[in-house]
Number of protein chains: 2
Amino acid sequence: MVSMKDIATKCNVSVATVSKALNDRNDVGEETREYIKKTAKEMGYSPNSLARALRTNRSYNIGVLFVDEGRSGLTHDYFANVLDSFKAVVEDHGYDLTFINCSKKREPRLSYLEHSRYRGYDGVVIACIDFSDPEVIELANSDIPLVTIDYMFNNHSGVVSNNYAGMTELVKYIVSKGHRKIAYVCGEDTAVTRNRLAAFYKVLEENNIEIPDDYVMHGAYRSINRTEKFTDALLDRPDRPTCILYSDDYSAMGGLNSVRRHGLSVPEDISIAGYDGITLAAKLQPSLTTIKQDTQAIGEHAAIKLLNLIEHPRTEALEQIVVDGTLVPGKSVAEIK
Amino acid sequence: MVSMKDIATKCNVSVATVSKALNDRNDVGEETREYIKKTAKEMGYSPNSLARALRTNRSYNIGVLFVDEGRSGLTHDYFANVLDSFKAVVEDHGYDLTFINCSKKREPRLSYLEHSRYRGYDGVVIACIDFSDPEVIELANSDIPLVTIDYMFNNHSGVVSNNYAGMTELVKYIVSKGHRKIAYVCGEDTAVTRNRLAAFYKVLEENNIEIPDDYVMHGAYRSINRTEKFTDALLDRPDRPTCILYSDDYSAMGGLNSVRRHGLSVPEDISIAGYDGITLAAKLQPSLTTIKQDTQAIGEHAAIKLLNLIEHPRTEALEQIVVDGTLVPGKSVAEIK
DNA sequence: TAAAAATGCGAAAACGATTAAGGAAGGTTT
DNA sequence: AAACCTTCCTTAATCGTTTTCGCATTTTTA
């Protein structure tokens, strides 16, 4: 490994001068600067982020905390897309992305905060996790710049998709198609779920639609199997709904399967709708009516916000950034005469 | 930030002693060690990986290079699962995972190798990328421990899924169902594709099955749209195949759509099969016959191999680790009378 | 022309850890 | 009692940078 010292020796200057030349500082002669840069290139110099970070207290490294049922959250389509977009932006700005170690086996185990200090992250992005986890809260209460996705801590910035508006649009659309017996198999009780549920009831109320309480079932996100069971229950009722909403597109597939197992078809007999708008949704038969989340925008906003918090901590306001989704009307919701 | 220096001051010992106590070295008195550890905990000490790495030349950080069409590869179901498994293992061993910056915009742009040196990665895992990229080759020719996934450099270890065996099993199964007019919409020309194709032809040959050359079409991986077009072409032929294989499960969905658009149904009129065995495959209607890749095993093997290369560079053999997939017989391939 | 200002560079400390070498105190062996 | 180990701790160097301060030298200003 060739270091600044090697370059300094070769160029007959001091290490300080090399550093200044390579960093384009102004107290070094034009000629010397060029010579040093040229020599550095020739010698195949590459900087050492560790030393630099140690000295400057800036690692240009961002920690990402995505945990999904003990796994990384990588396998979660929606979050993988958000992360992908986030990553692109921060990398363009010279930052790298490191996963915050969430191994439970490691000895000694570091908490999320300890791990973040250990690696010297300049900032942290959190998504797709149990936000009531004490370790997450500890991290949120630290002085490390932080943005959350799809959740808001009261003293931090976050990016949330507009679940209320999205659900409103979706339910309005469904109502406009003539449905009045609408069921909703929603996800676990989270902020996201609560917003959607509020919108769901609101639109029904506005349209003077009353549904049995147990038309709303608390399922789980991304669980095809559980959703299938819930749908079975709904379909076995005497007052069967004409349309069923699901927490996400995956879950909707569970519904689709259940409907078919009952010898019924979508959308002729039962209409269904998902949420998220994953690539696949449009490719299903019938194509799924859903709300497409703008994962690209969510990732970008989160990245830009975090970078600003890191680089301009004084002037950057804490805010909640709301990203709208868009209705993608597929073929899975039929018009009721 | 409390450092060893602070602990040393508080405990009235030298920094060296603190370091040795916390690292459980044996030239520290039992009593002192305990006292130091206790104090460290009380003071909320957390180590600094940057300083440690700078001094020891070991970052306990692993670089991951996943690039998919200019994106991170995160959105690629198969690789996301492999990475997830890889991550779990290395994290259990105290290593962290950082993405190798692949931004094209960043100024100055570091090559993959330069970036790896910059961050001081102890090792690197590469998958899902154009392996003929000069930068990838530069990285492979460096002295950084390396494992590849689904590709082999001749002087490095790698983990590959057993595409030859998988495809053999799949085609044999299909032949056993009575199919003789079998088409294959395969992916781009990569090592993976070539192995599968070889197996495909081999099994046909063994069964004295001859197919028109243009039953084999070179499509792309994970492109539902392109696959749909290719399938259209196959179905419009007078000598229409009875079964079509696809490069992956996503692509198979494109096929499914095309078949249905032709007013035909799967598997009654046309049988189809995918590859990879993504979660969704089993949930499609009809459930997709496919080869399930053992992403868990692939990730684990890659991780263990890399850790061994890092920690025991002398004794660790270079090898190709082959991971078998398993046939998942769905309902998408019918028996032909 | 003398004083003031600007320019270009180096010395050295610092960031937070690890580790080789050495030394004092006490115990054990001859 | 001399010689020799152990045990436990310290000193100091080191990793590769950045950055403050100061010192020449040159240029500008009065």
Side-chain angles (χ1 to χ4, degrees), chain A residues 1-37 39-40 43-61 94 108 110 114-122, chain B residues 1-37 39-40 43-61 94 108 110 114-122:
Chain A
M1 286 294 71
V2 23
S3 71
M4 287 194 174
K5 199 173 184 177
D6 303 318
I7 302 176
T9 310
K10 185 116 176 187
C11 292
N12 265 318
V13 293
S14 73
V15 180
T17 305
V18 174
S19 171
K20 288 189 275 194
L22 294 179
N23 287 307
D24 282 321
R25 304 187 77 90
N26 57 6
D27 59 342
V28 58
E30 186 63 32
E31 218 173 316
T32 330
R33 184 207 317 286
E34 290 310 321
Y35 179 49
I36 289 175
K37 282 190 171 180
T39 312
M43 297 179 73
Y45 168 76
S46 58
N48 182 322
S49 72
L50 302 167
R52 195 208 301 270
L54 177 60
R55 175 61 224 239
T56 60
N57 234 357
R58 291 277 273 110
S59 64
Y60 284 90
N61 200 5
L110 299 178
E114 285 169 336
H115 183 266
S116 301
R117 294 216 192 287
Y118 172 66
R119 287 285 175 200
Y121 298 135
D122 291 335
Chain B
M1 284 293 71
V2 22
S3 70
M4 287 193 173
K5 199 173 184 177
D6 303 318
I7 302 176
T9 309
K10 185 116 176 189
C11 291
N12 265 317
V13 293
S14 72
V15 179
T17 304
V18 174
S19 171
K20 287 190 276 194
L22 294 180
N23 288 306
D24 282 321
R25 305 186 75 93
N26 56 6
D27 58 344
V28 169
E30 186 63 33
E31 219 172 317
T32 331
R33 185 207 319 283
E34 290 311 320
Y35 178 50
I36 289 174
K37 282 191 173 181
T39 312
M43 298 179 72
Y45 169 75
S46 58
N48 182 322
S49 71
L50 301 166
R52 195 210 299 270
L54 178 60
R55 175 61 225 242
T56 60
N57 234 356
R58 292 276 274 108
S59 64
Y60 284 90
N61 200 4
L110 298 179
E114 284 168 337
H115 184 267
S116 301
R117 295 217 192 285
Y118 172 66
R119 286 285 175 199
Y121 297 136
D122 291 336

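Every chain is numbered from 1, with letters handed out A, B, ... down the list of sequences. Since the model is a prediction, treat every value here as computed from it, not as a measurement.
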Mind checking if Ser49(A) touches a base, just sugar-phosphate, or nothing, with heavy atoms under 4.0 Å?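 No contact.
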
Touch class at under 4.0 angstrom, heavy-atom based, for Asp6(B) against every strand present: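 No contact at all - Asp6(B) keeps every heavy atom at 4.0 Å or more from the nucleic acid.
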
In the structure I gave you, are the side-chain heavy atoms of [X] and [Y] within less than 4.5 Å of one another anywhere?
X         : Y         : value
Ser116(B) : Tyr121(B) : yes
Asp24(A)  : Lys37(A)  : yes
Leu54(A)  : Arg52(B)  : no
Asn61(B)  : Arg119(A) : yes
Tyr35(A)  : Val13(A)  : no

Using only heavy-atom distances, decide whether a donor-acceptor pair under 3.5 angstrom links the side-chain of [X] to the base of [N].
X        : N       : result
Asp27(B) : dC8(D)  : no
Lys20(A) : dT17(D) : no
Arg55(A) : dT17(D) : no
Arg52(A) : dT18(D) : no

In whole angstrom, give the distance that lies between atom [atom1] of [X] and atom [atom2] of [N].
X         : N       : atom1 : atom2 : answer
Arg117(B) : dT17(D) : CZ    : P     : 13 Å
Leu54(B)  : dA14(C) : CG    : P     : 17 Å
Leu22(A)  : dT19(D) : CG    : P     : 13 Å
Tyr118(A) : dC15(C) : OH    : P     : 20 Å
Asn26(A)  : dT20(D) : CG    : C1'   : 14 Å
Asn57(A)  : dC15(C) : CG    : C1'   : 8 Å
Lys5(B)   : dA17(C) : NZ    : P     : 11 Å
Ile36(A)  : dG8(C)  : CD1   : C1'   : 11 Å

Picking from [options], which would you name as closest to the side chain of [X]?
X        : options                   : value
Thr17(A) : dC9(C), dC9(D), dT19(D)   : dC9(C)
Ala51(A) : dC9(C), dT19(C), dG16(D)  : dG16(D)
Met4(B)  : dT19(D), dT18(C), dG16(D) : dT18(C)
Asn48(B) : dA17(C), dG10(C), dC9(D)  : dA17(C)

Closer than 4.0 Å, any side-chain N/O of [X] to the OP1 or OP2 of [N]?
X        : N       : value
Asn23(B) : dT18(C) : yes
Tyr45(A) : dT17(D) : yes
Thr32(B) : dC9(D)  : yes
Ser19(B) : dA17(C) : no
Ser14(A) : dC9(C)  : no

Walking DNA chain D from its 5' end, the first of Pro47(A) and Glu30(B) to be reached, judged by nearest nucleotide, is Glu30(B)

Test side-chain contact (heavy atoms from CB on, under 4.5 Å) on Met1(A) and Tyr45(A) and set out the steps. CA-CA 8 Å; Met1(A) 286 294 71; Tyr45(A) 168 76; over 6 Å; no

